[in-house]
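First comes the structure, then the notes that go with it.
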Amino acid sequence: MAQEKSVKRNWWKWVGGILATLLLIGIGSGLYLYHKWKPILSEKIKKVVVNSSQGLYTLNFKDIHLNVLTGTASIDEAVLTPDTTVFSMLKMAGLAPANLFQVKVKKLQINHVGLLNAYFNKKVNIKSIVLDQPSINMIHYKVRKRKDSLKPDLSLYQLLPRRIKSIQVNAIRIVNADFDYVKGETSKTLNRIRKLNLNVKDLLIDSLSQFDTTRFYHTKDIGFELTGYQSKDKMYLMKADTISGSATGKTIRIKGLKMIPLHPDLAFSRMFKYGKDRYDLNFSEIRFSGVDFLRLNEEEAFHAKALTIGPSKVGIFLNREMPAVPGLDKGANFPHMALKKLTLPATIDTVKLDNIDLAYTEYNPISQKRGTVYFQNLNGTIRNVTTDSSSLVKSNHAIANLNALVMKKTKINLRIDFNLTDKNGAFSYSGATGPLDLKALNPVSVPLGLIEIESGNMQKVDFNFSANRNGSSGKVHFYYTDLKLKLLKEGKNGEAPKKKGLLSFLANNLLVKDANPTKGETARTASVTFQRSPAASFFNLLWKGVFVGMRETAGLGIVPVKTPEKAMEAIRDKKKERKEKSIARKEKKPEKKVS
């Protein structure tokens, strides 16, 4: 029995010894091959890069590490550099690519290369390639392609050495990349992204993969993600929780996008010489779907089937004490006019607005109060948003169908028809509201118009206008009962406005018609022609047309509506008057007696 145990121990010693010897031989062979082939391999890699790019790129690196047993390799501090002389020659010949790349990589790791399969079957299989902290400059040029050239662009498969049948990489990961998109003609950086993560899934280069419609540039997917994005200047902090996308999923998704003003509303506005809107934006999600990434890369044209915005909160503030920019015409910022400023052709089939809360606030320096118009739970669609010339030939109108809750009380339906090719920014709009207790408008009418609605019940308002950047004309139907107004004058030193008793009495008895239709009469219709001043915005033009129609129906048409320019004159006069009164009060103040 003891002899049998001794034999077993000796057998395991022999097996262990053989395995240890084989391991030492393997390690020794690996180290020998590593040191012998390292310089040859380094030069071979550099030569392959030059030859496969037709001399356009060169690759340099500090060091290379190879483990034959595990099939892993790594390259330290690699730099891929384009040869501008070769690029210029290719450009003159009409054979240059549209994009050049300058790449610096701290470490490039290649994991688990199937060396035996590569040697015997000429197929290179790699589990993963990881690029750690690369810096990538993508330099874009507008290049002319030779139409008469008989030599087509070589595919990736055709660029492979003849002895290799295929290359397959299960995953390529780019970690914490700095990416700059540069315009080649001017060397101007158009976009700059920091700490970008890129994931390439199942890259396959063989004779058939280039024709596989389920693949995007030989891959099953290219996905990207940017987390914790922040950008800050003196006025705003811009941040996003995540920005991500997928090439084969055809999506771009932005979550938690915020534009946060760094100063309170009045302080913000007074940091500028002229009036400027202050924005406070919070978008839970912005999502593009059906994005044509191939067309974006090859034709420099953006197309998406849908853009979904929301839930979101949008706050806009304007201080009316600040003068408008001299010579500024806000007609250039109308939505369909601003669309023309895009630098590349763009088409979004449908824009979807989902649960957006909009608050527009103005500060009236005469009343020294703020008034806010609320549009809550704004939903709807805008179809055919495009600047693409071929799309505009088919249809040059974008149609918006929107609905929202106004002043937290009544629903409004609005349809806007934008003419996308008209030089004057032509559009039409129509809509209707539901019932409303008109006193709900006092938070706006008191601070901004110094008018308090004592009573009034609106059954509905409907309207239909044709407009452009010069003004609007149309009809308004305003149905209401029991309307009574109180005209106000501003309080002293920011106190509450006070009633103008006599004027309020005269207005209610001589001007204001307390109902429409008046008993025994047909309903009145207001025909409105409104001329927009250059300082008035698109939103101002929309509501001013309806507002003027409501005023005329109520009998206040005889009282002129102040343009922004006239309003600024009134503000200047009021400031001057207040200054003079303040000086007078100081002069009348009795001096203290010296005892």
With sequence neighbours left out, what residues match Val373 under side-chain contact (heavy atoms from CB on, under 4.5 Å)? Phe375, Met407, Val444

For Ser473, all residues meeting side-chain contact (heavy atoms from CB on, under 4.5 Å), sequence neighbours excluded: Thr529

Only pairs under 3.5 Å count here: list side-chain donor-acceptor contacts from residues 411-420, not counting sequence neighbours, and write none if there are none.
residue : atom : partner : partner atom : Å
Asp417  : OD1  : His397  : ND1          : 2.6
Asn419  : OD1  : Thr421  : N            : 3.1
Asn419  : OD1  : Thr421  : OG1          : 3.2
Asn419  : OD1  : Asp422  : N            : 3.1

Which heavy-atom pair separates [X] from [Y] by the least distance, and what is that distance?
X: His336; Y: Ala426; value: NE2-O, 3.4 Å
X: Ala398; Y: Asn384; value: CB-O, 3.5 Å
X: Ser391; Y: Thr347; value: OG-OG1, 3.7 Å
X: Leu342; Y: Thr387; value: CD1-CG2, 4.4 Å
X: Pro97; Y: Phe87; value: O-CE1, 3.5 Å

Point-to-point distance, once rounded to the nearest 0.5 Å, from [atom1] of [X] to [atom2] of [Y]:
X: Leu131; Y: Asn176; atom1: CG; atom2: CG; value: 12.0 Å
X: Leu262; Y: Asp233; atom1: CG; atom2: CG; value: 7.0 Å
X: Asn470; Y: Ser472; atom1: CG; atom2: OG; value: 10.5 Å
X: Lys188; Y: Tyr181; atom1: NZ; atom2: OH; value: 13.0 Å
X: Ile174; Y: Leu108; atom1: CD1; atom2: CG; value: 9.5 Å
X: Asp277; Y: Thr361; atom1: CG; atom2: OG1; value: 11.0 Å

List the residues meeting side chain to side chain donor-acceptor pair (under 3.5 Å) with [X], not counting sequence neighbours, and say none if there are none.
X: Thr410; result: none
X: Asn424; result: none
X: Gln133; result: none
X: Thr381; result: none

Mind checking whether [X] and [Y] have side chains closer than 4.5 Å, heavy atoms only?
X: Leu353; Y: Asn379; value: no
X: Leu56; Y: Leu100; value: yes
X: Leu318; Y: Tyr360; value: yes
X: Arg173; Y: Asp132; value: no
X: Gln102; Y: Pro82; value: yes
X: Phe288; Y: Ile348; value: yes
X: Leu441; Y: Leu436; value: yes
X: Phe302; Y: Val291; value: yes

Lys341 atom NZ: more than 12 heavy-atom contacts under 6.0 Å: yes

Using the side chain to side chain donor-acceptor pair (under 3.5 Å) rule, collect all pairs that involve [range], keeping only residues at least two apart or in two chains.
range: residues 242-261; result: Asp221-Ser246, Asp221-Thr248, Arg253-Glu285
range: residues 306-316; result: Lys313-Asp357
range: residues 194-205; result: Gln168-Asp202, Asp180-Arg194, Asp202-Arg215
range: residues 91-101; result: Asn99-His140

Checking side-chain hydrogen bond (donor to acceptor under 3.5 Å, both in side chains) for the pair His303/Asp349: CA distance, chi angles, key distance, verdict? CA-CA 8 Å; His303 177 258; Asp349 296 341; 3.2 Å; yes

Does the side-chain contact (heavy atoms from CB on, under 4.5 Å) test come out yes or no for Leu296 and Leu344, once each step is laid out? CA-CA 10 Å; Leu296 179 62; Leu344 77 165; 4.0 Å; yes

Checking [X] side chain against [Y] main chain: does a donor-acceptor pair fall under 3.5 Å?
X: Arg278; Y: His263; answer: yes
X: Tyr57; Y: Phe101; answer: yes
X: Tyr429; Y: Leu542; answer: yes
X: Ser284; Y: Pro311; answer: yes

Run the side-chain contact (heavy atoms from CB on, under 4.5 Å) test on Leu281 and Val314 for me, step by step, so that the C-alpha distance in whole Å, both residues' side-chain angles and the decisive distance to 0.1 Å come before the verdict. CA-CA 5 Å; Leu281 311 178; Val314 177; 3.6 Å; yes

Distance-only donor-acceptor check, side chains Asp388 and Ser390, under 3.5 Å: yes

Residues Thr214, Asp212; criterion side-chain hydrogen bond (donor to acceptor under 3.5 Å, both in side chains); working and verdict: CA-CA 5 Å; Thr214 65; Asp212 187 347; 2.6 Å; yes

Worked verdict on Lys220 versus Asn170 for side-chain hydrogen bond (donor to acceptor under 3.5 Å, both in side chains): CA-CA 10 Å; Lys220 280 296 184 182; Asn170 293 348; over 6 Å; no

The test is side-chain contact (heavy atoms from CB on, under 4.5 Å); show your working for Phe216 and Leu294 and say whether it passes. CA-CA 8 Å; Phe216 179 80; Leu294 279 173; 3.8 Å; yes

Less than 6.0 Å separating the ring centroids of Phe465 and Phe530? no

Apply side-chain contact (heavy atoms from CB on, under 4.5 Å) to the pair Tyr141 and Glu185, showing each step before the final yes or no. CA-CA 7 Å; Tyr141 292 89; Glu185 288 76 14; 3.9 Å; yes

Begin with the C-alpha distance, continue with both residues' side-chain angles, and end with the deciding distance and a verdict on side-chain hydrogen bond (donor to acceptor under 3.5 Å, both in side chains) for Asn540 and Ser537. CA-CA 5 Å; Asn540 181 278; Ser537 65; 5.3 Å; no

So, Arg287 and Asp354, do they make that salt bridge, N to O below 4.0 Å? no

Pairs flagged by ring-ring contact (aromatic ring centres under 6.0 Å, His included) wherever residues 221-261 is involved - sequence neighbours left out: Tyr236-Phe268

